[in-house]
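Each remark here refers to the structure printed beneath this line.
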Amino acid sequence: MAQKSGFSRNKQGMMNMWKTFWFDINGNPKLKDILHNPIFWVVALLKVFCGAFLASNYFSDLFFPFFEYFSSHPLQNPYEIFWQSGNTRAFPYPAVMLYSMVALRFLLIPFRIENWPVSAKFFIYHIPLFIADFAILAVFVRWLYGRTNRIIVLLWSSPVLFYISYVHGQLDVLPIAFLTISLHFLFKDRLHASAIFLGLGCACKTHLLLIAPFFLVYIWRKNEKTKDLFNYFLVSIAAFLIPNLPFIFSPAFQHMVFLNAEQQKIGLASLKLLSNGPDFYLIPASYMLLLFYALCIKIQNRDVFLMFLGFTFGILLLFIPPMQGWYFWVIPFLVYFFARASLTQSLLFVFLQVSYFYILA
């Protein structure tokens, strides 16, 4: 009998996979080791506290007013309003990031949240970050079953990730959560769900578009089914476009999201091979080499695929001055491998995080 396509899995199969993610065959929660770990709860409380009372100028002066305006005027285009006012750096993210951050704020409108103190609003806006943070942790615990304590220490308690989300107030945890969930479905051969979450992740932050071709390479090299590849591409494109439809034709949205200053840094890393010759751009060249190599080998396991994704994000951090939040793109991939390393080898991971704060100082 022919093997079923990844897109032919029925709804019942999806429900069973969701159930088996959280519970074993006896109905016991698989993630109970997280809830029984005191470090998890201590760090969780610190994250809640810092989310309510700490925020960088990025969050308080740029993101927060943008969220508040959209929450009060949901039928207007906030990108257009802030662009026309000259605040062109207010929110350089697509619509899913905006929807994710203000969803709880909308639900609390009947409770007159507009009159709540700023610290309470900061707390509300950090809840989506906390949920995304926990989602990444849950998937990693499932991937590396039996290493829960190590993952809690390296990932959940990472001082760099803590600083990025709950002190500096960057939002990179959300697209990485979408990416992680997409990867989990991909490795379970649930291509439809994986494509949806990848598309939503790209609609959360466009840097995920860099790794989208690697998903297509993985699918093709694994089963060489053109139908699966084509369907995955269409579903992910639809998941990216549909949430952005209210804004995507706005010039303000296009400039703030697709043509912002951070994305233009890609052209900064270049070399002149000849004095009067053209520039050789290091980032596109390195990216194309990595993609070509991925096409040449048959990626059939999770470790190799995650390594390619980590290298792809690492190219950006290596060749251009990164924003503080960009390190959230690579640290989870490092955790995946260091969680299985010896304690001595894990000291290198500690050194890398200390270096992060040394560079910021």
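Computed from a prediction, not measured in an experiment: that's the story for all the values here. Side chains included, hydrogens not; waters and symmetry mates left out as well; all remaining heavy atoms used.
- Checked by atom type and distance alone, the side chain of S236 pairs as donor or acceptor with a backbone atom of F233 at under 3.5 Å.
- Taking the six-membered ring where the residue is Trp, the centroids of H207 and F313 are separated by under 6.0 Å.
- Side-chain N or O atoms of W83 include none that pairs as donor or acceptor with a backbone N or O of T88 at under 3.5 Å.
- Contact check for F328 versus Q170: no side-chain heavy atoms found under the 4.5 Å cut-off.
- Within the 6.0 Å centre-distance limit, the rings of F67 and F91 are counted as a close aromatic pair.
- In this structure, F49 has its ring center at least 6.0 angstrom away from the ring center of Y166.
- Ion pair D303/R340 flagged as a salt bridge, since at least one NZ, NE, NH1 or NH2 atom sits closer than 4.0 Å to an Asp/Glu carboxylate oxygen.
- Note on F357 and V335: same hydrophobic cluster, where clusters join Ile, Leu, Val, Met, Phe, Trp and Tyr whose side-chain heavy atoms are under 4.5 Å apart, directly or indirectly.
- The main-chain N or O of I211 is never found under 3.5 Å from a side-chain atom of T312 such that the two would form a donor-acceptor pair.
- The closest side-chain donor-acceptor pair between Y125 and E68 falls under 3.5 angstrom.
- Heavy-atom minimum distance, A195 versus V235: CB-CG1, 3.6 Å.
- The cluster map of Ile, Leu, Val, Met, Phe, Trp and Tyr, joined by side-chain heavy atoms under 4.5 Å apart, puts L317 and M288 in the same cluster.
- Here the CD1 atom belonging to I196 is positioned 16.0 Å from the CZ atom belonging to F240, to the nearest 0.5 angstrom.
- Contact record, C202 with P94: O-CG, 3.9 Å, taken as the closest heavy-atom pair.
- R221 places a side-chain N or O within 3.5 Å of a backbone atom of I297 that can act as its donor or acceptor partner.
- Side-chain N or O atoms of R150 include one that pairs as donor or acceptor with a backbone N or O of A341 at under 3.5 Å.
- Inspection of the D172 and W329 side chains reveals an N or O donor paired with an N or O acceptor under 3.5 Å.
- Checked by atom type and distance alone, the side chain of S182 pairs as donor or acceptor with a backbone atom of S194 at under 3.5 Å.
- M256 places none of its side-chain heavy atoms less than 4.5 Å from the side chain of P92.
- Around the CZ atom of R302, the shell of radius 6.0 Å holds more than 12 heavy atoms that belong to other residues, nucleotides or ligands.
- One finds the CD1 atom of I219 at 5.0 Å from the OH atom of Y232 (value rounded to the nearest 0.5 Å).
- Donor-acceptor pairing under 3.5 Å is recorded for the side chains of Y69 and Q76.
- For the atom pair T180 OG1 and R142 CZ, the distance stands at 14.5 Å (nearest 0.5 Å).
- Under the 3.5 Å distance criterion, the side-chain polar atoms of S158 are left unmatched by any main-chain donor or acceptor of L155.
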Evaluation steps, side chain to side chain contact (heavy atoms under 4.5 Å, CB included), between F311 and F333: CA-CA 9 Å; F311 284 154; F333 296 103; over 6 Å; no
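- W143 has its ring centre less than 6.0 Å from the ring centre of F187.
- Cluster annotation: V354 and I164 are assigned to distinct hydrophobic clusters (Ile/Leu/Val/Met/Phe/Trp/Tyr, side-chain heavy-atom contacts under 4.5 Å, transitive).
- Classification of the F214-Y287 ring pair by plane angle, with boundaries at 30° and 60°, yields perpendicular.
- F134 has its side chain within reach of I34: a pair of non-hydrogen atoms, C-beta onward, lies under 4.5 Å apart.
- Taking Ile, Leu, Val, Met, Phe, Trp and Tyr as members and joining any whose side-chain heavy atoms lie under 4.5 Å apart, directly or through other members, I242 forms no hydrophobic cluster with any other residue.
- Between F247 and V257 the shortest side-chain heavy-atom distance does not fall below 4.5 Å.
- Within the 4.5 Å cutoff, no side-chain heavy atoms of T148 are placed close to those of N37.
- In this structure, Y58 has its ring center under 6.0 Å from that of H168.
- For an aromatic pair to be called close, the ring centres must be under 6.0 Å apart, and H126 with F59 satisfies this.
- I315 and L289 fall into different hydrophobic clusters, where Ile, Leu, Val, Met, Phe, Trp and Tyr residues are linked whenever their side-chain heavy atoms come under 4.5 Å apart, directly or through other members.
- Residues L309 and L183 have side chains in contact (heavy-atom distance under 4.5 Å, counting atoms from C-beta outward).
- Note: F122 and F53 fail the aromatic proximity criterion, with ring centroids not under 6.0 Å apart.
- Below 30°, between 30° and 60°, or above 60°: for F197 and F178 the angle between ring planes is between 30° and 60°, a tilted geometry.
- With hydrogens and angles disregarded, no donor-acceptor distance shorter than 3.5 Å links the side chain of R105 to the backbone of F70.
- Side-chain atoms of Y218 do not come within 3.5 Å of backbone N or O of N301 as any donor-acceptor pair.
- Side-chain contact between M101 and Y93 is absent, with no heavy-atom pair separated by less than 4.5 Å.
- Without hydrogens or angle criteria, Y79 side chain to A90 main chain gives no donor-acceptor distance under 3.5 Å.
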Pair W326-F319, ring-ring contact (aromatic ring centres under 6.0 Å, His included): steps then yes or no: CA-CA 13 Å; W326 292 11; F319 288 120; over 10 Å; no
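- Considering CG of N260 and CD of Q254, their distance stands at 13.0 Å, rounded to 0.5 Å.
- The shortest side-chain heavy-atom distance between F253 and N244 falls under the 4.5 Å cut-off.
- Between F215 and F305, the distance separating the two ring centers is shorter than 6.0 angstrom.
- Note on L209: it does not cluster hydrophobically with L186, by side-chain heavy-atom contacts below 4.5 Å among ILVMFWY residues.
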